[in-house]
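What follows is a set of notes on a single structure, which appears directly below.
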Number of protein chains: 2
Amino acid sequence: MALAQAILTSLLEKPCTGAELARRFDKSLGHFWQATHQQIYRELGKLEQDGLVRAHGLAATRGQQRHFEVLATGKAALESWCAEPGEPRPIRDELLVRLRAAAVLGTVDVRVELLRHQGMHAQTLDRYLAIEANDFPADAQKTVADELQFAVLRAGIVYEQSWLNWCEQTLSHAPAIQKPALVEVWPPAD
Amino acid sequence: MALAQAILTSLLEKPCTGAELARRFDKSLGHFWQATHQQIYRELGKLEQDGLVRAHGLAATRGQQRHFEVLATGKAALESWCAEPGEPRPIRDELLVRLRAAAVLGTVDVRVELLRHQGMHAQTLDRYLAIEANDFPADAQKTVADELQFAVLRAGIVYEQSWLNWCEQTLSHAPAIQKPALVEVWPPAD
DNA sequence: TACGATTATGCAACTTGTTGCGCAAAGGAG
DNA sequence: CTCCTTTGCGCAACAAGTTGCATAATCGTA
């Protein structure tokens, strides 16, 4: 639901084509809101229909670049959405379902997967920390806009840190979780 | 994608009807994996078609209770899925899009929304902590299964704590974020 | 010029999750 | 018994996200 607003925000910063948007999403915005190019093109189509953005090169043929720009109505819509209340997303990580299943089954070693996740979260955290060091040095003066963008980055940082923390803690607290030497005999459930 | 596995897990613990499953999801499993009753019924249908679960009272008429039970193939499928590697979910919170938009717009006060989220995360954290105090007292002996279930709960706890932390930090670091006294004149974007 | 790779755009089909509604059985109140 | 509410089950439609493929321009190169 926030894809349209993310696109509007990005287009407000700088009007561009759909492909350029997709590329920008892969970089900055994509850290916390991913979108494929198909999603973006579809959403751009809706936004255009709703009169929130305008295509500059309005070629209806394929393969032709279409340059998009936010209209005043689009900016107003973004402003009004921005002030709306919203619900925070609960955790919804497959890994937790796997742990729950492993608890019931009792025959699966989850430590390998925990180590994998630990590594992935560490890698993502490093990426975020590199961005922080690069774009938000501690001694720099920050405008209000900088402060807000930094807050978004910090959300990513604390998110990854907390997962990392949890992985370590879980690995150390649960060293006994392992597959038994012999797999149990096929259980006749029916 | 993990809904089928979550259902299998819950059914393995105790066979039951779809409605009972939905109720259980609202309690334990629902803390980290939500599902409406429609999702659950649809998924149960697929699982039955695939021969992973069996309906006890196989009444095809509406309004009739159908009691579900995991078959051996279902347990095997769950075991094999459980050992598969998976990707961690990146953050994807609308609030971050709002902050990003606010940074670009410069006319929206985000502190109210930050306070709201702070309150909601605090509330969820309290729920989790109550469960911890109730089900996982520090001095109790834990089996491997207990340890795993506790790990799942701790994931929820650190998740909420990190958001809470971030809210506080953001609110204190960015006290200057506010709507200007006068809204700027309508900008002619076209 | 012709050919192939790249870039930009888009369609179609599918999965997952959400919302709103409808229908049937069960059980209590009048 | 009849009416009404609750409970269990399910359909239909939609929104959001993913995957695979198709088509048109563009550009370098043989």
Side-chain angles (χ1 to χ4, degrees), chain A residues 1-8 10-11 15-26 29-30 32-50 53-68 81 86-94 97, chain B residues 1-8 10-11 15-26 29-30 32-50 53-68 81 86-94 97:
Chain A
M1 235 230 89
L3 177 58
Q5 287 77 22
I7 289 176
L8 285 174
S10 194
L11 279 181
C16 64
T17 68
E20 173 62 25
L21 257 184
R23 247 174 275 126
R24 263 195 254 168
F25 264 67
D26 273 348
L29 262 164
F32 60 94
W33 203 275
Q34 310 75 39
T36 62
H37 73 274
Q38 283 85 352
Q39 271 181 279
I40 291 173
Y41 283 126
R42 202 198 307 176
E43 206 62 43
L44 278 172
K46 280 189 210 163
L47 289 172
E48 192 185 9
Q49 269 199 324
D50 295 350
V53 304
R54 187 178 56 175
H56 211 211
L58 50 123
T61 62
R62 283 181 176 181
Q64 203 74 306
Q65 273 205 359
R66 308 227 299 143
H67 218 260
F68 288 93
W81 175 84
E87 294 303 302
R89 296 265 156 185
I91 346 175
R92 204 141 197 284
D93 201 298
E94 278 195 6
V97 180
Chain B
M1 238 234 84
L3 177 58
Q5 287 77 22
I7 288 176
L8 285 175
S10 195
L11 280 182
C16 65
T17 69
E20 174 61 25
L21 258 184
R23 247 175 276 124
R24 263 195 255 168
F25 263 67
D26 273 349
L29 261 164
F32 60 93
W33 203 274
Q34 310 77 38
T36 61
H37 73 275
Q38 283 84 351
Q39 269 181 280
I40 290 173
Y41 285 128
R42 205 199 307 179
E43 207 61 42
L44 279 172
K46 280 189 211 164
L47 289 173
E48 193 184 8
Q49 269 198 326
D50 295 350
V53 304
R54 187 178 56 175
H56 211 210
L58 50 123
T61 62
R62 282 182 176 181
Q64 202 75 306
Q65 272 204 1
R66 308 227 301 143
H67 217 257
F68 288 93
W81 175 82
E87 295 302 302
R89 297 264 156 185
I91 346 176
R92 202 139 197 287
D93 200 298
E94 279 194 8
V97 180

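Chain A is the first sequence line, chain B the second, and so forth, proteins listed ahead of strands; every chain is numbered from 1.
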Tell me the interatomic distance from [X], atom [atom1], to [N], atom [atom2], rounded to whole angstroms.
X: A:Ile7; N: C:dT9; atom1: CD1; atom2: C1'; answer: 14 Å
X: A:Asp26; N: C:dT7; atom1: CG; atom2: P; answer: 13 Å
X: B:Gln49; N: D:dG10; atom1: CD; atom2: P; answer: 12 Å
X: A:His67; N: C:dT9; atom1: NE2; atom2: C1'; answer: 15 Å
X: A:Ile40; N: D:dA16; atom1: CD1; atom2: P; answer: 15 Å
X: B:Gln65; N: C:dA26; atom1: CD; atom2: P; answer: 10 Å

Checklist entry - Of all heavy-atom pairs between B:Gly18 and B:Ile40, which one has the smallest distance, and what is that distance? => result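 Between these two residues, the closest heavy atoms are O-CG2, 4.2 Å.
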
Next on the checklist: Tell me the closest heavy-atom pair linking B:Arg66 and B:Glu48, and the distance in Å.
Outcome noted: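 Where B:Arg66 meets B:Glu48 most closely, the heavy atoms are NH2-OE1, 2.8 Å.
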
Checklist entry - Does B:Leu3 reach the side chain of B:Trp33, with side-chain heavy atoms less than 4.5 Å apart? => result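 Yes; the side chains approach each other to less than 4.5 Å.
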
Checklist entry - Heavy-atom distance under 4.5 Å between the side chains of A:Ile7 and A:Phe25, does that happen here? => result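 Touching, per the 4.5 Å side-chain cut-off.
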
Checklist entry - Can you tell me how far the CD atom of A:Gln5 sits from the CD atom of A:Glu43, to the nearest 0.5 Å? => result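 So the CD of A:Gln5 and the CD of A:Glu43 are separated by 8.0 Å.
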
Item to check | Candidate pair B:Leu11 and B:Leu44, rule side-chain contact (heavy atoms from CB on, under 4.5 Å), full reasoning | outcome: CA-CA 11 Å; B:Leu11 280 182; B:Leu44 279 172; 4.1 Å; yes

Item to check | DNA chain C-proximal residues of residues 15-25 of chain B, any heavy atom under 4.0 Å | outcome: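 Per residue number, the list is empty: none.
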
Next on the checklist: With a 3.5 Å distance limit and no angle check, can you tell me whether B:Arg24 reaches the backbone of B:Leu29 through a side-chain donor-acceptor pair?
Outcome noted: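 The answer is no, because no donor-acceptor pair under 3.5 Å joins these two groups.
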
Item to check | Residues that B:Arg89 engages under salt bridge (charged side-chain N to carboxylate O under 4.0 Å, His left out), provided they are two or more places apart | outcome: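 Partners of B:Arg89 by the salt bridge (charged side-chain N to carboxylate O under 4.0 Å, His left out) criterion come out as none, since no residue qualifies.
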
Mind listing the N/O atom pairs, protein and nucleotides 17-21 of chain C, below 3.5 Å?
unit_1	atom_1	unit_2	atom_2	d
C:dG17	OP1	A:Arg92	NH1	3.0
C:dG17	OP2	B:Gln39	NE2	3.2
C:dG17	O5'	B:Gln39	NE2	3.3
C:dG17	N7	B:Arg42	NH2	3.2
C:dT18	OP2	B:Gln39	OE1	2.9
C:dT18	O4	B:Arg42	NH2	2.8
C:dG20	O6	B:Gln38	NE2	2.8

Checklist entry - C:dT9 phosphate, OP1 or OP2: any side-chain N/O from A:Tyr41 under 4.0 angstrom? => result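 It does, given that an N or O in the side chain of A:Tyr41 lies less than 4.0 Å from OP1 or OP2 of C:dT9.
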
